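This is a predicted model, so every value here is computed, not measured. Letters A, B, ... mirror the listed sequences (proteins, then strands); counts begin at 1.
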2 protein chains.
Amino acid sequence: MPVMPDSIDSLKGVSSGAASSPTFSPLYRQIKSLLLQRLESGEWRPGEAIPSESELATRFNVSQGTVRKAIDEMAAENLLIRRQGKGTFVASHDDPRAFFRFLRLVPLSGGIEQAQSVPLECWRAKAGPEVARMLELNIGDPINIVRRLLQFAGKPVVVDEIYLPGSIFGTVTLEMLRDYQGSLYSFFENRFGIRMIRAEERLRAVPADRASAELLRVAEGSPLLSVERVSFSYGDKPVEWRRGLYSTNEHCYFNELG
Amino acid sequence: MPVMPDSIDSLKGVSSGAASSPTFSPLYRQIKSLLLQRLESGEWRPGEAIPSESELATRFNVSQGTVRKAIDEMAAENLLIRRQGKGTFVASHDDPRAFFRFLRLVPLSGGIEQAQSVPLECWRAKAGPEVARMLELNIGDPINIVRRLLQFAGKPVVVDEIYLPGSIFGTVTLEMLRDYQGSLYSFFENRFGIRMIRAEERLRAVPADRASAELLRVAEGSPLLSVERVSFSYGDKPVEWRRGLYSTNEHCYFNELG
DNA sequence: GAGTGGTCTAGACCACAAC
DNA sequence: TTGTGGTCTAGACCACTCG
């Protein structure tokens with residue numbers, strides 16, 4: 001049985017009338033909101049197909065073109081993936097394409113390398129002021145902290161410190177991390193049902209502290225690329241904060257400006 | 001008199017037939033190509049309005065919806081800007097919104113600051129191997145080299161070294177740069193008719209050399225963010241290579257991952 | 001062949017801007 | 001009032017995938 005109403009008849013035509021509604025949104029955006037609710041609620045899981053455009057059109061009592069426009073926007077935001085002849089699927093971090101969207105590191109010269117994540121430590125702690133602000137928590141709220149090394153072709157390139165709210169992730173253990181094959185976001189998606197859909201990064205150049213220098217096998221004080229990231233799930237909810245130190249001797253952070 | 005054919009009747013239906021054409025592209029993409037040609041040729045200049053959707057539909061002998069889809073894609077690529085009730089306009093670097101698309105520097109704390117470009121030097125030279133490769137030139141081809149400082153609120157934050165092909169820019173002088181009020185890309189657009197539409201950046205952390213350290217008022221050897229950029233004009237033609245050294249003590253490079 | 005997304009059309013009407 | 005882009009519809013047909 002559907003959990004949510006399947007028709008939006010009552011919302012049609014809201015823009016008609018004397019004064020334009022201050023909260024007006026076109027039909028296809030209302031459809032988009034409904035689809036987002038389904039995704040957020042987990043009714044359609046990552047990797048699964050959603051109903052066909054024509055079925056959704058019938059369900060929502062709108063034309064197929066209107067559903068299409070809603071899906072178009074969501075596909076442009078990498079929330080859905082269309083495959084001609086097969087259907088429309090919920091995007092998943094299991095898809096290797098998602099990996100490069102969230103780790104923009106490329107070798108200075110040479111082809112593509114396989115990345116390997118090596119979990120170092122994992123412990124529970126209380127949120128300090130900075131983490132609390134970034135993750136919209138209260139100071140003292142339980143969090144998980146993960147430290148891990150990222151290697152390319154066996155060489156250490158990134159050391160990450162990752163902060164995860166306990167309210168969402170419960171307890172994360174080093175064993176869980178070590179047992180999992182795949183990216184961290186794939187791990188979050190499959191083990192916790194949390195899907196990262198967007199992130200903000202702030203980059204700076206900083207001198208290597210002693211611990212990081214050892215891990216990355218560079219001299220203490222040598223320049224490292226500091227990448228601070230807040231990741232968001234549905235509804236712009238921040239669910240991860242991390243700081244990575246990148247050794248850019250043999251790799252660089254690649255970005256495309258459009 | 002139009003320089004190019006205004007009807008694409010002859011291209012309609014190319015996808016029909018027994019075997020699917022290897023070079024098939026839908027009608028709206030053919031329209032898009034035609035519109036791109038107009039932009040590249042300068043028939044419609046930055047800031048100007050292009051003909052209305054219905055006029056283009058009549059001209060090209062297709063439906064308005066097909067023109068619309070072509071324009072939709074170009075608007076998504078920041079080549080055109082739609083304004084309801086007014087028309088569709090060619091994007092321009094005179095628009096301050098374009099500025100932040102190509103300079104992703106934000107203060108670590110505090111609001112928005114006004115940037116100021118200070119040209120330092122400008123001379124002609126011959127392309128070395130690296131510049132030649134980046135700009136798809138031959139070694140020895142004439143280029144212009146510009147050094148300039150970028151200040152925020154009077155403080156030096158970025159020192160740029162910029163390489164411009166002589167074949168496109170002719171001769172650039174320090175006077176031209178000093179006389180111009182506005183961003184560099186705005187300058188290129190208005191003085192040379194060259195519009196940057198896309199760029200690739202590679203970021204690394206490097207130690208400050210002596211000259212840059214003095215300009216940026218940081219210690220020699222302290223970490224700076226190195227940003228190498230290749231900018232492209234229409235047809236993915238590389239027309240600028242630059243290397244910037246960013247002081248990230250009070251600013252950071254902001255990036256959004258989707 | 002059946003079902004899916006992708007393209008194209010034609011027409012109606014709405015929202016916005018400018019005269 | 002006119003012209004622009006923005007939305008919505010209904011229907012036709014094409015391209016791709018799979019059984």
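- Taking the six-membered ring for Trp, F188(B) and F169(B) have ring centres closer than 6.0 Å.
- A search for side-chain contact (heavy atoms from CB on, under 4.5 Å) contacts involving D94(A) returns S92(A), Y180(A), S186(A), E189(A), N190(A), not counting sequence neighbours.
- Remark: E136(A) pairs with P238(A) by the side-chain contact (heavy atoms from CB on, under 4.5 Å) rule, at least two apart or across chains.
- Put simply, NZ on K32(B) is 16 Å from P on dG6(C), counting in whole angstrom units.
- The separation between L56(B) atom CG and dC8(C) atom C1' is 17 Å, rounded to whole Å.
- When distances run from any side-chain atom of P26(B) to the nucleotides dT9(C), dC8(C), dC8(D), the shortest one goes to dC8(C).
- Taking atom CG of L80(A) as the reference point, atom P of dG6(C) lies 11 Å away to the nearest angstrom.
- Considering only heavy atoms from C-beta on, T88(B) stays 4.5 Å or farther from M74(B) through its side chain.
- An end-to-end axis angle of 10° holds for the helix from dG1(C)-dC18(D) to dA18(C)-dT1(D), taken from five base pairs per end and rounded to 10°.
- Distance from the side chain of S63(B) is smallest to dT9(C) among dT9(C), dC8(D), dT9(D).
- Contact annotation: T66(A) side-chain N/O to dT9(D) OP1/OP2 distance is under 4.0 Å.
- Per the geometry, CD belonging to Q30(A) stands 12 Å off C1' belonging to dT7(D), to the nearest Å.
- Considering only heavy atoms from C-beta on, L150(B) stays 4.5 Å or farther from L105(B) through its side chain.
- Protein atom CZ of F89(B) is 17 Å distant from nucleotide atom P of dG3(D), rounded to whole Å.
- Across the protein-nucleic acid pair, L27(B) atom CG and dC14(D) atom C1' stand 12 Å apart, rounded to whole Å.
- Atom CG in D72(B) sits about 15 Å away from atom C1' in dG6(C), given to the nearest Å.
- Every residue was checked against the ring pair (Phe, Tyr, Trp, His ring centres under 6.0 Å) condition with F89(B), not counting sequence neighbours, and none meets it.
- Looking at residues two or more places apart in sequence or on another chain, you find a side chain to side chain donor-acceptor pair (under 3.5 Å) between Q64(B) and E53(B).
- Look at K69(B) and you won't find any side-chain N or O under 4.0 angstrom from OP1 or OP2 of dC8(C).
- Taking the six-membered ring where the residue is Trp, W241(A) and Y163(A) present tilted rings, their angle falling between 30° and 60°.
- Atoms CD1 (I81(A)) and C1' (dC16(D)) sit 17 Å apart, rounded to a whole Å.
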Between N or O atoms, less than 3.5 Å apart, protein on one side and nucleotides 2-5 of chain C on the other: list the pairs.
residue	atom	partner	partner atom	Å
dG3(C)	N2	G85(A)	O	3.1
dT4(C)	O2	G85(A)	N	3.4
dG5(C)	OP1	T88(A)	OG1	3.3
dG5(C)	OP2	E53(A)	N	3.0

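- Annotation: side chain of S231(B) is in contact with side chain of Y185(B) (closest heavy-atom distance under 4.5 Å).
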